[in-house]
Amino acid sequence: MKRKMSVFCLVFLMAVAIIGPDLTWAEDPKEIKIGATIALSGRFKGIVGTFKTLGNEWAGLINERGGIYVKEYGKKLPIKFEIYDDASKPENARKYYEKMATDPSISFFMGPFSSFISNAATTVAGKHKIPMQMVCANDAVLFEKPNYWRVGVLVPAEDEWERLVPIYKKKGGVKTFATITMDTLHNKGAIKGFEEDLKKNGFEVVYSVVAPPPTKNFAPMIIKLRKAKPDVVCIEALSPAFTIGFLKQMREAGYKPKEIIVGHVTKHVIDALGPYAENITGLAYYYDGDTQDHKDFLEILRRSGFTWGEYMESGIRFWAYTRIKQAIEKAGTLDRKKIMDTLWNMKTKIMGLDSFVTPEGYGALGAWPCQVQGGKFVSIWPLDKAVKLHNYR
Amino acid sequence: MEIAIQLVIAGILQGGLYALAAFGLSLIFGVSNVLNLAHGEFLMLGGLFCFLIFSATGLNPFLIGLMILPFAFFLGYIFDRFLMRPLAGKKEHIRLMSSILVTLGAALCIGDVTSFLAGAEEKGVDYSMPSFFWGDLYISYLRLLAMVMIAGLTVGIHYYLKKTYTGRALRATTQNIRGAMLVGVDTSRIRSVTFGIGSMLASIAGVFYVVLLSISPDMGLTVTIKYLCIIVLGGLGSLIGSLVGGVILGLTESIVSYYNPHWGQTAAFLILVLILLIRPKGLFGK
Amino acid sequence: MLEINGIEVFYGDYQALFGVEATVASAEIVSLLGANGAGKTTTINTICGFIRPRAGTIHFDNTIIHKMSANKIVEKGLIQIPEERMLFPDMTVLENLQMGAYLGRARKKLADSMDWVYGLFPILQKRQSQLAGTLSGGEQQMVAIGRGLMSLPRLLILDEPSLGLAPMLVAEVFQVIQKINQEGVAILLVEQNVHQSLKISNRAYLLENGSIAMEGRASELLDRDYIRESYLGI
Ligand SMILES: Nc1ncnc2c1ncn2[C@@H]1O[C@H](COP(=O)(O)OP(=O)(O)OP(=O)(O)O)[C@@H](O)[C@H]1O
Ligand SMILES: [Mg+2]
């Protein structure tokens with residue numbers, strides 16, 4: 001009798017364990033949850049730490065309008081972010097994405113900052129078959145091995161600088177370039193693409209150097225730079241310390257090129273250089289041209305309390321949020337496989353521009369030229385405007 | 001030839017900056033046998049306070065650097081008083097391990113708290129001076145000023161250690177701690193004072209860092225490791241050793257980086273290994 | 001002046017002293033004798049505040065000192081000249097002596113004390129700019145005693161001052177100790193050199209395996225058979 005009882009109990013427990021998760025799925029979800037990690041501490045905090053607020057403000061804006069319409073349930077569902085701090089380290093990102101993968105209420109992943117950490121995060125997405133919209137991640141390594149469960153939003157790193165060359169071509173006045181690159185995959189990729197582009201267009205690269213991230217003494221490079229006498233000096237470094245250190249020492253050496261391009265201009269770089277930052281040319285994932293519908297983007301920035309010029313990567317976030325929203329609306333369901341299919345195949349417009357995914361998984365968002373003018377980072381695109389607004393030093 | 005001269009100048013100027021903070025680390029090690037892994041954090045804090053005051057007032061950053069000296073001293077003093085002194089009575093091997101753990105923990109903690117309170121982003125003070133040009137050669141007045149200050153501090157500290165009673169007590173404690181106790185030196189207080197002085201030197205180096213380069217809350221351990229190498233190279237506990245060690249490191253980095261920036265740091269470490277193979281106690285070690 | 005009451009001292013689990021009792025009165029010379037490992041150095045290190053007793057009390061001038069830090073005890077005028085000398089090897093002889101007058105009371109009398117020390121050890125004046133680490137053993141012992149005197153001791157504790165010295169020098173050191181005593185300084189002398197110590201002492205204690213085995217007037221102890229057999233080899 002006793003034994004029968006326990007066998008019964010066991011069978012019952014097993015039944016609950018097997019059917020249980022399906023039972024919860026059968027109920028309509030109350031909200032759409034997006035899981036992500038962001039560098040809220042560690043070395044990338046200064047670049048992306050504020051984007052937690054940005055995401056929440058975006059969700060707030062959409063929810064004010066009722067949320068995202070999901071056809072399968074015939075109603076709008078509110079959206080919610082679940083965000084963890086990866087402290088700028090891949091092992092933390094992996095840990096938190098693994099943790100979120102066990103939560104069935106999370107229908108989506110958004111990627112972390114930088115290719116290096118995204119590499120860890122996409123592995124988790126692929127393993128558990130959870131759709132991941134990546135954000136700031138566009139290096140070749142990420143796209144070399146196939147993974148169906150992640151798509152990017154950015155063009156390849158190699159193409160990031162492509163909109164700069166036409167300005168110099170049309171405007172004239174500079175011929176020779178020098179590049180100083182911090183030794184990371186991303187920085188090297190961006191400069192490689194840029195240099196090829198320059199050569200194709202008849203410009204000359206007279207000096208090119210790759211230096212390790214901790215470099216503090218740039219004098220040896222600057223000595224060579226002064227010998228090579230380029231018109232344009234380009235600095236591409238993910239770490240602001242590298243950029244600031246180099247520029248301060250170039251100022252000390254009294255070398256005054258006609259043009260300085262900095263790949264990652266942030267508020268902190270501008271502040272640290274003061275007036276010397278004036279007329280430094282850079283790039284942002286946004287331009288304020290009138291072809292675009294940027295109302296929502298500017299609204300969430302306003303609510304978050306910063307400008308796109310202070311955090312030049314904020315455009316990437318807005319694109320990723322919007323892609324997630326559109327994918328759900330297009331798919332009409334929260335089914336993970338169907339959403340992933342949609343993310344791959346969807347061709348839409350974001351802020352009036354084309355958004356799609358290449359067969360490798362790259363996106364379509366590139367960077368637009370900007371310049372520090374009056375202590376602020378201002379947009380100088382489209383091309384005609386750029387030629388007029390852009391100043392040499 | 002000009003290039004060679006220019007590289008040597010750059011190397012010596014950079015080395016002087018290394019030497020300044022290494023000096024403090026060496027002093028602390030000499031007196032209390034503690035490798036203070038939080039030393040880089042004191043450097044970072046010096047730079048941070050300079051940055052904050054500069055942002056608020058726009059005063060000359062070096063003036064600010066001098067103004068915050070008493071505060072830096074106080075910080076070092078209480079760091080020793082409350083974190084290191086309780087360990088002083090422990091057995092030798094326990095003390096060694098626990099001082100490493102405590103200073104490492106403090107380093108991580110200071111870094112995180114700073115990052116939380118002041119933001120993790122890179123901070124730099126915008127202050128520049130013209131450079132001095134002589135044909136193709138140039139020397140930055142800023143770095144020259146740094147060198148003059150470093151030289152001044154070296155002479156000052158030398159004088160302090162030789163002539164004042166506290167300075168002598170500090171040397172006495174380094175050379176024979178029990179002997180110092182037997183003549184009535186309060187060695188615990190001397191230790192705290194030494195931490196204060198070390199923290200002051202680190203904070204001045206931090207001011208140069210924030211002016212010449214930039215600082216961030218997570219830089220501490222990286223610079224501490226560099227300073228550890230310098231004082232090992234120069235001989236643990238030797239002041240002149242840390243000066244020479246700093247300049248050797250700066251020169252090596254400068255010259256090798258000219259040929260290939262990637263080998264600059266590696267070459268510096270190779271030199272360290274080489275010197276330790278020839279002189280296991282460092283250049284000026286006893 | 002100094003009263004030691006039943007101190008028990010441990011190194012970890014190992015007990016080195018078992019209820020040691022002793023006194024030194026002002027202007028006295030008292031010897032603390034005993035074989036190697038008897039606990040003599042342990043006793044005086046406890047007096048000087050390097051080791052804390054687990055039980056018992058130590059009074060100096062009627063104040064409790066066994067809870068004070070070493071430097072505070074020095075301030076009271078209780079000075080040890082240690083067996084290992086503990087000089088500052090990278091300082092000159094002069095600097096070592098000056099360090100002896102580190103505390104305020106002694107600092108004011110620096111010039112006088114210097115004359116006193118140079119009077120006792122004229123050779124130190126000649127060597128005053130030599131680094132202490134490069135001195136001979138005997139010279140180092142003189143610097144150690146000199147440095148102790150610079151602190152203006154009221155009670156001077158000497159731990160085996162004759163150790164490793166040539167017989168000529170040993171005699172000189174014992175003479176100096178007597179001279180110091182004549183200036184009014186009380187002396188606690190730890191020695192292996194039992195015969196000579198007892199000859200200059202007023203009283204003496206014999207330490208065996210961490211406890212006092214015998215005590216009395218020095219002249220009396222010199223005559224006891226036990227001392228004569230075990231320590232004087234007569
Ligand atoms: N730091 C220590 N740790 C453990 N045991 C110790 C320590 N110092 C001394 N001892 C032990 O305590 C006992 C007494 O030592 P102490 O040095 O007091 O002897 P002593 O009478 O001064 O001898 P000596 O004439 O050789 O100097 C010895 O057995 C010694 O081994
Ligand atoms: Mg002994």
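Below, chains carry the letters A, B, ... as their sequence lines are ordered, and counting in each starts from 1.
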Q: Which bit of N217(A) comes within less than 4.5 Å of chain B, counting heavy atoms only: side chain, backbone, both or neither?
A: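 Both the backbone and the side chain of N217(A) come within 4.5 Å of chain B.
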
Q: Less than 4.5 Å to any heavy atom of chain B: does that hold for the side chain of V269(A), its backbone, both, or neither?
A: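 For V269(A), there is no contact with chain B at all, as no heavy atom is under 4.5 Å.
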
Q: Measure I223(A) against the heavy atoms of chain B and call it side chain, backbone, both or neither at under 4.5 Å.
A: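 Interface part for I223(A): side chain.
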
Q: Could you walk me through whether E236(A) and T179(A) pass the side-chain hydrogen bond (donor to acceptor under 3.5 Å, both in side chains) test, one step at a time?
A: CA-CA 8 Å; E236(A) 166 67 8; T179(A) 61; over 6 Å; no

Q: What is the minimum heavy-atom distance between G111(B) and M44(B), and which atoms define it?
A: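 The answer is CA-CE, 4.5 Å.
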
Q: Between R226(A), K267(A), Q249(A), which residue shows the highest count of heavy-atom pairs closer than 4.5 Å to chain B?
A: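 Ranked by contacts with chain B, first place is R226(A).
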
Q: Is K89(A) atom NZ crowded by more than 12 heavy atoms from other residues, nucleotides or ligands, each under 6.0 Å away?
A: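 Result for NZ/K89(A): open.
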
Q: Please flag which part of L40(A) lies under 4.5 Å from any non-hydrogen atom of chain B: side chain, backbone, both or neither.
A: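 Contact with chain B: none, neither part.
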
Q: Is the distance from the ring center of F218(A) to that of F242(A) below 6.0 Å?
A: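 F218(A) vs F242(A): aromatic centres under 6.0 Å.
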
Q: Could you tell me if the side chain of L247(A) sits less than 4.5 Å from the side chain of I280(A), heavy atoms only?
A: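 Yes, side chains in contact.
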
Q: Does atom NZ of K258(A) have more than 12 heavy-atom neighbours, drawn from other residues, nucleotides or ligands, at distances under 6.0 Å?
A: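 More than 12 heavy atoms, drawn from other residues, nucleotides or ligands, come within 6.0 Å of this atom.
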
Q: Below 4.5 Å, heavy-atom pairs only: which of G245(A), A241(A), A211(A), G274(A) has the largest tally toward chain B?
A: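 Among G245(A), A241(A), A211(A), G274(A), the one with the most close pairs to chain B is A241(A).
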
Q: Give the minimum heavy-atom separation between L221(B) and A107(B), together with the two atoms involved.
A: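 Result for this residue pair: CD2-CB, 4.2 Å.
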
Q: Examine distances only and state if a side-chain atom of S88(A) and a backbone atom of A39(A) form a donor-acceptor pair shorter than 3.5 Å.
A: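 Here the side-chain-to-backbone pair does not exist.
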
Q: Measure the shortest side-chain to side-chain distance between M221(A) and T215(A) over non-hydrogen atoms and say whether it is less than 4.5 angstrom.
A: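 They are in side-chain contact.
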
Q: Please check if atom NZ in K95(A) has more than 12 non-hydrogen atoms from other residues, nucleotides or ligands closer than 6.0 Å.
A: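 Enclosed: over 12 neighbouring heavy atoms sit under 6.0 Å from NZ of K95(A).
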
Q: Can you tell me which portion of K227(A) sits under 4.5 Å from chain B's heavy atoms? Options are side chain, backbone, both or neither.
A: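 Only the side chain of K227(A) comes within 4.5 Å of chain B.
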
Q: Would you say the rings of Y286(A) and F318(A) are close, in the sense that their centroids are separated by under 6.0 Å?
A: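 No, ring centres 6.0 Å or more apart.
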
Q: Check each atom of Y141(B) against the heavy atoms of chain A and say whether the ones under 4.5 Å are side chain, backbone, both or neither.
A: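 Neither part; nothing is under 4.5 Å.
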
Q: Name, in order of residue number, those residues of residues 204-217 of chain B that have a heavy atom at a distance of less than 4.5 Å from a heavy atom in chain A; otherwise write 'none'.
A: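 From residues 204-217 of chain B, the residues near chain A are Y209(B), V210(B), V211(B), L212(B), L213(B), S214(B).
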
Q: Checking S254(B) against chain A: side chain, backbone, both or neither under 4.5 Å from a heavy atom?
A: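 S254(B) touches chain A through backbone and side-chain heavy atoms alike.
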
Q: Please classify the contact of Q14(B) with chain A as side chain, backbone, both or neither, using a heavy-atom distance under 4.5 Å.
A: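 When you check distances to chain A, only side chain atoms of Q14(B) fall under 4.5 Å.
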
